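Below, chain A is the first sequence line, B the second, and so on; all start at residue 1. Computed from a predicted model, the values in this text were never measured in an experiment.
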Amino acid sequence: MTLAWTLAGATATGKSAAAQLLAERLGIAILSADAMLVYRGMDVGTAKPSAAERARVTYFGVDLVTPDQPFSTGAWLREAARAAAHAGAAASSGAAPALLTVGGTGLYFKALTRGLDSEVADPARRAHWQARFEAEGVEALRDALAALDPHALATLSDPSNPRRLIRAIEQLESRRRLPQSWKQPGPDAPLTVLRLPREQLHRRIRARVESMFAQGLVEEIRSLRRRYPVWSASAAQAIGYAEGCALLNGALSQAEAFERIVIRTRQLAKRQETWFRHQTQAVWIDTDERDPPGRTAERILNAWRQHGATPLPL
RNA sequence: GGCGAGGUAGCUCAGUUGGUAGAGCAGCGGACUGAAAAUCCGCGUGUCGCCGGUUCGAUCCCGGCCCUUGCCA
C-alpha cells in the first residue's frame, strides 16, 4: 500500500509554500487536495503553484478540468489513485513515502483515507431536485424524502440542509439506498495541520487578496469568460471568481468585490479549521508569520517522523 | 449663520403611544460521504451622542450643548 505524507491547513496559512519546499528537498511528488486547483485557467484567484514551481515538483490534482466541466470528490479520488501509482513506482521497495498530499479541502482528505462508495452521483436528478427546492423550498424536499423512506430524515445529521436532502433523495432514487457511512472504519490517520493565530491569518488573507488583484485576477476572469461562457456551479462560486464576475457585470464595485472576497476567504478559513479540529486526528503545527520557512518545514518533518506516514487504501 | 434631517450592537438600520431594545451583515462557535472555496445550524448588554429638567420610572417628552448631513446664505 502506498504511503503519503500529509499537510493540511486553512487557506493562507502557508502550507503550499512549505509543501513546495519539502517536496523539493525530499524529491517527491505533490498531490493537491484542493477543490479549486482542479480548474484549468483559474490560477491567480486560487493561488495555484507557479509554472516554475511545477517544473521542479511533479503535481497531481491540478488543472484536471476546464471551468465549464463538472467535478466531484470521486473524480478527485481517481486522480489520487494516479498519484499513488506514480509514487508507488518511484519509491524503491519499502522506502520512505514518495508523495505529499497537501491542501485545505477536508472532505478530500477524509475520502482519501476513509474511502467512498464507488457509485457516482446522478447530475440530472440532482438538477431536477435543485429546481424543485428553488421553487418550493426545503419542505418539498423533506416531503419527497419521507415519501421515499419514512426513516431517512432521521438519519441525516443536518435535516434542514437542502444539499444533503437532495443527495439523499438522489441516492434513494438511483440506487434505492441512503448515503452510507465511511467505507473504511475509523479512527482517521493523523493529519498534520498548519495553523496561524487568527489575527495574523486575517492580515495575510487581506494582503493576499490585494496581491491577487495586482496580479490580474480581473483580467484572468475576463479572458476565461470569453473561452468558457458558462461555468460549472462549483467553478462559478469559487471565491474571487464569483465576485470578479459580479464586478465585470457591474453588480459590485471594485471596493465591494474586494471586501466580499476578503470576508468569504475568512469564513472559509474558519470552516476549514473547524473541520480539521473535529473531523480529523489533527496534529497541529502552530506557526507565527515571522517564522522562517525553513524552521516551519523542519517542524513539519519532525511531526511526520513522529506520527508516521498515512497509508492510502486506493 | 438660518431652516430641516439624523446620532441606538463592529457596520447599515428598525423600535419603544414613557416600564432600560432587535433585525440584516460582520464576528464567534458548530455540523458535514460525493457541488465542499459548497450547504446548513446555534450565539445579540449595547454609557440607545453628552448634560440637565419633568416623571414613581426617560433611550423615548422638554431645554441646552456637541457631532454628522442636506438645502439656503
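Distance from the side chain of Ser160(A) is smallest for C41(B) among the nucleotides C41(B), G30(B), A26(B). Counting only heavy atoms from C-beta on, Ala35(A) has its side chain closest to A37(B) among C32(B), A35(B), A37(B). Out of A36(B), C28(B), A35(B), the shortest distance to the side chain of Ile166(A) is found at A35(B). The side chain of Ile263(A) approaches G27(B) more closely than any other nucleotide in the set A35(B), G27(B), G30(B). Here the nucleotide nearest the side chain of Arg277(A), chosen from A38(B), G29(B), A35(B), is G29(B).
Nucleotide G52(B): paired with C62(B) (Watson-Crick or G-U wobble, both distances less than 3.5 Å). In this entry U17(B) has no Watson-Crick or G-U wobble partner, no candidate having both defining distances under 3.5 Å. In this entry G10(B) has C25(B) as its Watson-Crick or G-U wobble partner, both defining distances falling under 3.5 Å. The pairing partner recorded for G1(B) is C72(B), the criterion being a Watson-Crick or G-U wobble arrangement whose two distances lie under 3.5 angstrom.
At A36(B), one or more side-chain N or O atoms of Tyr108(A) fall inside 4.0 Å of OP1 or OP2 (strictly under the cut-off). In terms of phosphate contacts, Gln237(A) brings no side-chain nitrogen or oxygen within less than 4.0 Å of OP1 or OP2 of A37(B). For G29(B), the OP1/OP2 oxygens have no side-chain nitrogen or oxygen of Thr274(A) closer than 4.0 Å. In this structure, Arg163(A) does not reach the A35(B) phosphate: none of its side-chain N or O atoms is under 4.0 Å from OP1 or OP2. Contact annotation: Arg271(A) side-chain N/O to A36(B) OP1/OP2 distance is not under 4.0 Å.
Within a 6.0 Å sphere centred on CZ of Arg295(A), other residues, nucleotides and ligands contribute 12 heavy atoms or fewer. Atom CZ of Arg56(A) sits in a crowded spot, with more than 12 heavy atoms from other residues, nucleotides or ligands closer than 6.0 Å.
Arg114(A) comes within 4.0 angstrom of no nucleic acid atom, judged by non-hydrogen atoms across all strands. Lys270(A) comes within 4.0 angstrom of a base, heavy atoms only. At a threshold of 4.0 angstrom between heavy atoms, the contacts of Trp275(A) include nucleobase atoms, whether or not backbone atoms are also involved.
Judged purely by atom type and a 3.5 angstrom limit, Glu289(A) has no side-chain atom pairing as donor or acceptor with the backbone of Leu196(A).
For the pairing with Phe133(A), the side-chain contact (heavy atoms from CB on, under 4.5 Å) check across Val138(A), Ile169(A), Leu165(A) returns one residue only, Val138(A).
Ile261(A) places its CD1 atom 12 Å from the C1' atom of A37(B), with the value rounded to the nearest Å.
Annotation: side chain to side chain donor-acceptor pair (under 3.5 Å) contacts involving residues 140-150 of chain A, sequence neighbours excluded, comprise Glu139(A)-Arg142(A).
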